[in-house]
Amino acid sequence: MSDAGYDHATVERRWQEAWDEEDAYRTPDDVEDPTYVLGMYPYPSGKLHMGHVRNYTITDAYARFRRMQGDDVLHPMGWDAFGLPAENAAKERDTNPRDWTFDCIETMTEQMESMGFGYDWDREIATCTPEYYQWNQWLFERFHEEGLVERRDAEVNWCPHCETVLADEQVEGEAELCWRCDTPVEQRELEQWFLKITEYADELLEAIDDLEGWPNSVRQMQRNWIGRQYGAEVDFEVSEAPRASDGRGEGSEPREYGPVTAFTTRLDTIHGATFFALAPDHPISEALAEEDEDVRRFVEEEADPDGDEPNGVATGLTATNPATGDEIPVYVADFVLSDVGTGALMAVPGHDERDHIFAEKKGLDIVPVIAPEPEAGEAPEAPDVEEAAYTEDGVLINSGDYSGLDSETARERLTEDIDSAEEATQYQLRDWGISRQRYWGTPIPVIHCEECGPVTVPEEDLPVELPEFINTTGNPLDAAEEWKQTTCPECGGPAERETDTMDTFVDSSWYFLRYVSPGLEDAPFDLERANDWMPVDQYVGGIEHAVMHLLYSRFFTKVLADHEGLEHREPFTNLLAQGMVQLEGEKMSKSKGNVVSPQRIVEEYGADTARLFMMQAAQPERDFDWSEEGVRSTNAFLARLKGMVEDYVSDEPAGDDDAVASYVDGEIEATIALATDEYDDLTFNKALRETQDLVRTLRQYRDYAEPHAETYERGLSAVVRLLAPVAPHLAEELWDELGNDGLVADAAWPTAEVDRDHVTKRRRLVENTREDIRDIVEVAGIEDPNAIDVVVAPDWKYDALEIAIESDADNLIGELMQESHIREQGDAAADYGQDLQAEREALSMTLSPEAEYAALESAAWLIEREFEAPVTVVGADEADEGALANAEPGRPAIEIDD
RNA sequence: GCGAGGGUAGCCAAGCGGCCAACGGCGGCGGACUCAAGAUCCGCUCGUGUAGACGUUCAAGGGUUCGAUUCCCUUCCCUCGCACCA
C-alpha cells in the first residue's frame with residue numbers, strides 16, 4: 001500500500017453534490033424540537049481562516065453525530081454582514097460596501113461548501129439585507145416603547161481611526177485600544193442612543209449561576225463585567241472653609257455647596273475619613289476651576305487618570321463627616337473617576353491603599369479605626385497604618401459608640417443611624433451605547449424634528465433603508481442630503497433623519513432567533529416555533545465574545561421574554577469556547593505572517609484530512625499547534641483506511657468465526673461504546689483516538705489471519721460511521737463501497753451492547769496479562785519460549801473475592817471459612833484469604849471467571865503473535881495445583897515453558 | 001491587587017482517591033518486511049532485578065486517609081480576564 005493519499009478532490013466533489021441533491025441538511029419547519037447546533041456566524045471577510053474551520057468543524061461534527069443518532073437537527077449559517085471593514089474596503093477599491101460584502105459572502109460560501117459543512121442553506125441570513133435589518137429597527141422601537149432606549153449626552157469612547165464611537169466592551173485593556181484596529185481610544189462628548197441593559201443587570205448577573213453548560217471562565221468574565229457591589233451612599237456637607245472666604249471681601253458668608261453624595265463599600269471606616277475627594281469633572285470641581293487658578297490648572301492640565309500616581313489639589317473647601325461632625329479637607333483628585341460610584345468619595349487612608357498613598361503625599365492624617373479581630377477575651381489592638389493601610393474587615397476602634405462592633409454590623413448600624421446614608425448598589429456595567437457614526441450598519445429609525453424632538457419612524461414606514469454609498473470622509477449618511485431630509489411623522493414639518501447606525505452587535509444579539517423563520521415578513525421570528533426550538537442546545541465560538549456578544553444576546557433574550565412572549569430567558573444552553581489554532585505556539589496572524597491557509601490544505605490533502613487532523617489534535621477548548629507532519633499522517637490514515645475497505649470489497653475473506661474474530665468483535669463493541677460517550681461530550685479527540693485504534697486492530701487482524709468476513713465488515717462499517725461526523729466525504733465514499741444504500745449522513749449511529757465498565761475491565765485484564773508475560777520473559781531471560789499457559793483462577797476465589805468486598809467483618813478468614821466450598825480448599829483458602837485481608841480496602845470486583853476465560857482466549861493470538869509460541873488458556877479444572885496457587889481473579893497464573 | 005484556569009516522564013498530553021511507573025502521540029532505540037529508502041507492523045524508552053518484584057517519581061512543603069498524581073491548606077511559577085472601582 002503506498003502512502004500517496006487518495007483522490008480527495010473527486011471524492012469530495014461527488015458527495016457534496018450528492019448532499020445537495022438530497023437536501024441532506026434541510027430542517028423542515030414542522031419538526032418539533034430539533035437539536036439546535038450553532039457556530040457563531042462569521043464576518044464575511046472573504047476568506048475562511050483556520051479559526052473558522054475549527055469552529056465550524058466542531059459544530060458540523062456534533063450536528064452530524066446527533067443527526068445519525070436520530071435527532072432532528074437545526075444547523076444553520078449566516079453572515080454578520082454589516083461593519084466597518086466593508087466600508088474601508090469599498091473606499092480602497094472604489095466600489096461600495098454592499099457589492100463588496102456580497103462578493104465576500106459568495107466566496108466564503110464556496111469555501112464552506114468545499115469543507116463539507118452541512119448547513120441548511122435555506123435558512124441563511126445576511127444582516128445587511130433590509131429583510132433582516134428592518135427587524136433591528138423594529139426591535140429598537142419595541143425597546144423604545146418599553147422604556148429601554150434612551151438618548152443622552154455622554155462622554156463616549158471614540159476611535160479616531162474608525163471614526164466612530166465604541167461601547168465600553170469594545171475598548172480593550174489598560175491601554176484602551178479599539179477592539180478592531182488597536183488604535184488608542186479617545187473620549188468625546190456626543191449625543192447617543194443607549195439600550196438600557198443596566199435594567200437587567202441583576203438578572204444577567206444572578207442567572208449566570210444557572211448557566212451550567214457554560215465554561216467557568218466565561219461565566220466569571222461576565223460576573224466581573226457586570227461588577228455588582230453592595231455598599232452605601234452617604235452625604236457630606238461641603239462648604240467653603242471660613243478662612244477661604246476672606247479673600248472675597250469682608251462680610252461674605254462662606255459659600256455652601258450643599259450635600260455631596262459619596263459611595264462607599266466600607267461605611268464601617270467612616271470615623272477614619274480624613275479627607276474627601278472629588279473627580280476632576282465633578283460639577284463642583286468644574287465650578288471651582290472657573291475661579292480658582294490652582295484647581296483650573298490641575299483639572300485641565302495635570303490630572304492624569306491613567307497615571308500610576310494619584311495626584312490632587314486642595315480646594316479650600318471642607319466637608320463635614322456625618323459620623324463625627326469633623327470638618328475634613330476637600331481635594332480634587334485624579335484617582336477619583338466620575339463614572340465610578342458618584343464621582344466623589346470619602347477617603348480613609350488608614351484602610352484603603354490608594355487613599356493611603358495620597359495621604360502620605362499630601363501629609364494628611366492617617367487614623368486607624370479598624371483592628372484585626374482579637375483573640376477571644378483580648379482587647380482589639382490598633383494596627384500600624386503608618387506604612388500601609390489595613391484593608392481587611394475587623395473590629396471598630398476609635399469610632400465612638402461604634403467601637404467594638406465588627407465591620408459587618410457597624411456597616412448596618414451606621415447605614416441606619418446616619419440620616420443621609422442608605423444602602424446602595426453599584427454596577428460596573430453601563431448602558432449600551434449603540435450609535436455608530438458609520439454608513440454600513442442599520443440606520444437608527446429616528447427622525448429629528450425641531451418642533452417635536454427625536455421621533456421614531458412609524459412602524460409602517462420601516463425599514464429605513466440605507467441610501468447609496470457616498471465615498472466621503474466622515475459619516476456617509478451625513479452626506480446623503482436627499483436621504484437625510486424628510487418630514488416629521490408627527491407634525492409634518494421639515495426634519496432630518498438620524499444619521500448614526502447601530503452597533504453591529506445589535507444584529508448578532510438575536511440572529512439565532514431569525515434562523516427559526518428566516519423569511520418571515522411580519523415579525524422578527526415565529527414566536528411559536530421559537531418557543532419550541534429555542535434555546536440553542538450547543539453554541540460554539542471564540543472566547544473573544546465572552547462579554548460582548550454573549551452578554552448582549554442574553555439581554556435581548558430577556559427583553560423578548562418580558563415583552564414579546566418568548567418563553568426562554570437564556571439563549572444558549574451549552575457553550576463551548578473553542579481554543580486557538582496556533583503555529584509554533586503563536587497565534588496565527590497576518591501581521592506575523594504565520595498563517596496556514598485552509599484553502600491550501602484542502603487542495604493538497606482534502607477537507608476530510610483538515611477536519612480530522614483538527615478534531616483529533618486536541619480537545620476543542622484547548623489551543624493546539626498546527627503541524628504539517630500531523631496533517632500528513634492523518635491523510636495517510638485515511639488513505640490506508642480506504643485501501644482496507646477496497647481490499648475487503650474486492651476480495652472478501654473467508655476466515656472462521658474463531659477466537660480471534662471474537663476478540664475483534666469485542667473491540668468493535670468497546671470502541672463504539674467509548675467513542676459514542678466521547679462524541680456526546682464533544683471530546684472528539686478521544687472519540688477519534690478510539691476509532692483509529694480500532695482501525696489498527698482490524699489491520700492487525702487482517703495481517704495475522706484470514707478474517708471472518710462478517711466480523712471484519714462489521715468493524716469497517718462501525719469505523720466508517722464513527723468517522724462520518726468528522727470526515728464526511730470519505731465516509732460516504734466508503735459507506736457506498738461497503739454496499740450500503742443511502743447516505744452515511746442519514747445512517748444509524750452504531751450501537752454497542754457492552755458498557756464502559758465491562759470494556760475497561762476486559763482491556764485491563766488482557767493488557768496486564770501481556771505485560772506480565774513480557775516482564776517474566778525479560779526478567780527470567782527467556783530467549784525463546786516454547787509454550788505459554790495462562791491459567792484462570794478457580795471459581796471459589798471469585799466467590800471469596802466477592803465475599804471480601806461485601807464483608808465488613810474484622811476477621812475475613814473466619815467469614816470465608818463459613819462457606820463450605822471455600823473451606824474445602826484448606827491451606828489454599830487460608831493463603832488467599834490472607835492476601836484478601838491484606839488488601840481489604842483496595843479490592844474491586846473483576847469480570848466473572850467465564851468472562852475472563854473468554855477474554856483471554858480471544859486475546860491469545862496477540863500473545864502468540866508477540867512471543868511466537870503457542871498459548872493455551874487453561875481453565876481452573878484442568879490446571880495443576882502449583883499453577884492455581886498463583887492465579888487470582890483479574891490476574892491469571894502464567895506458566896512459561898522454555 | 002482581585003478573579004478564573006493550569007503546572008504530570010525528552011516534548012505534547014490523558015488520568016483527577018486503590019486497577020498508576022502513570023492511556024495515547026511525537027521524538028529516540030531495537031526488531032520484522034524490503035536490494036535499499038519510505039510506509040507499515042512488533043517491542044523498548046526512571047533505576048535495580050535470572051518468573052510477573054522492589055525502590056524513587058506526577059511544581060515545592062505540610063495535612064486528611066489503611067492508601068493521594070487524584071482531596072484539603074500554604075508557597076512558588078505559568079496563562080487568561082478585570083482593575084487608581086471608592
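Atoms considered below: every heavy atom in the structure, side chains included; atoms not considered: hydrogens, waters and symmetry mates. To find a chain, count down the sequence lines: A is the first, B the second, and so on, and within it residues start at 1. All values reported here derive from a predicted model rather than from experimental measurement.
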Residues that [X] engages under side-chain hydrogen bond (donor to acceptor under 3.5 Å, both in side chains), provided they are two or more places apart:
{"X": "Q170(A)", "value": "R436(A), D503(A)"}
{"X": "K642(A)", "value": "E646(A)"}
{"X": "K362(A)", "value": "none"}

So what does the secondary structure string of RNA chain B come out as, 5' to 3', with Watson-Crick or wobble pairs under 3.5 angstrom, [ ] for crossing and | for pairs with another strand?
((((((((.[[[..)..(.....]]]((((((.......))))))(((....)))...[[[[[..)....]]]]])))))))....

Near RNA chain B, under 4.0 Å by heavy atom, which residues of residues 339-360 of chain A?
V340(A), G341(A), L345(A), R354(A)

Produce the list of close N/O pairs, under 3.5 Å, pairing protein atoms with atoms of nucleotides 25-33 of chain B; give distances to one decimal.
from, atom 1, to, atom 2, distance (Å)
rG25(B), OP1, R696(A), NH2, 3.0

Under 3.5 Å, N/O pairs linking protein and nucleotides 45-55 of chain B:
from, atom 1, to, atom 2, distance (Å)
rU50(B), O4', V779(A), O, 3.3
rA51(B), N6, I896(A), O, 2.6
rA51(B), N1, I896(A), N, 3.0
rG52(B), O2', D772(A), OD1, 2.8
rG52(B), O2', R891(A), NH2, 3.3
rG52(B), N1, P892(A), O, 3.4
rG52(B), N2, D772(A), OD2, 2.9
rG52(B), N2, P892(A), O, 2.9
rG52(B), N3, D772(A), OD2, 3.2
rA53(B), OP1, R891(A), NH1, 3.3
rA53(B), OP1, R891(A), NH2, 3.2

Could you pull out all donor-acceptor pairs under 3.5 Å where a side-chain atom in residues 225-232 of chain A meets a protein atom, sequence neighbours excluded?
from, atom 1, to, atom 2, distance (Å)
W225(A), NE1, E169(A), OE2, 3.1
R228(A), NE, Y230(A), OH, 3.3
R228(A), NH1, D202(A), OD1, 2.4
R228(A), NH1, E206(A), OE2, 2.8
R228(A), NH2, E206(A), OE2, 3.2
R228(A), NH2, Y230(A), OH, 3.3

Please collect all side-chain hydrogen bond (donor to acceptor under 3.5 Å, both in side chains) contacts where either partner lies in residues 884-896 of chain A, sequence neighbours excluded, each pair once.
D772(A)-R891(A)

Does anything in residues 270-282 of chain A pair up under side-chain hydrogen bond (donor to acceptor under 3.5 Å, both in side chains), and if so which pairs, sequence neighbours excluded?
D281(A)-S338(A)

Side chain to side chain contact (heavy atoms under 4.5 Å, CB included) partners of A319(A), counting only residues at least two apart:
F236(A), V238(A), F276(A), I328(A), V330(A)

Could you write out each protein N or O paired with an N or O of nucleotides 9-16 of chain B at a distance under 3.5 Å?
from, atom 1, to, atom 2, distance (Å)
rA14(B), OP1, Q619(A), NE2, 3.2
rA14(B), OP1, R622(A), NH1, 3.1
rA14(B), OP2, R622(A), NH1, 3.2
rG15(B), OP1, K686(A), NZ, 3.2

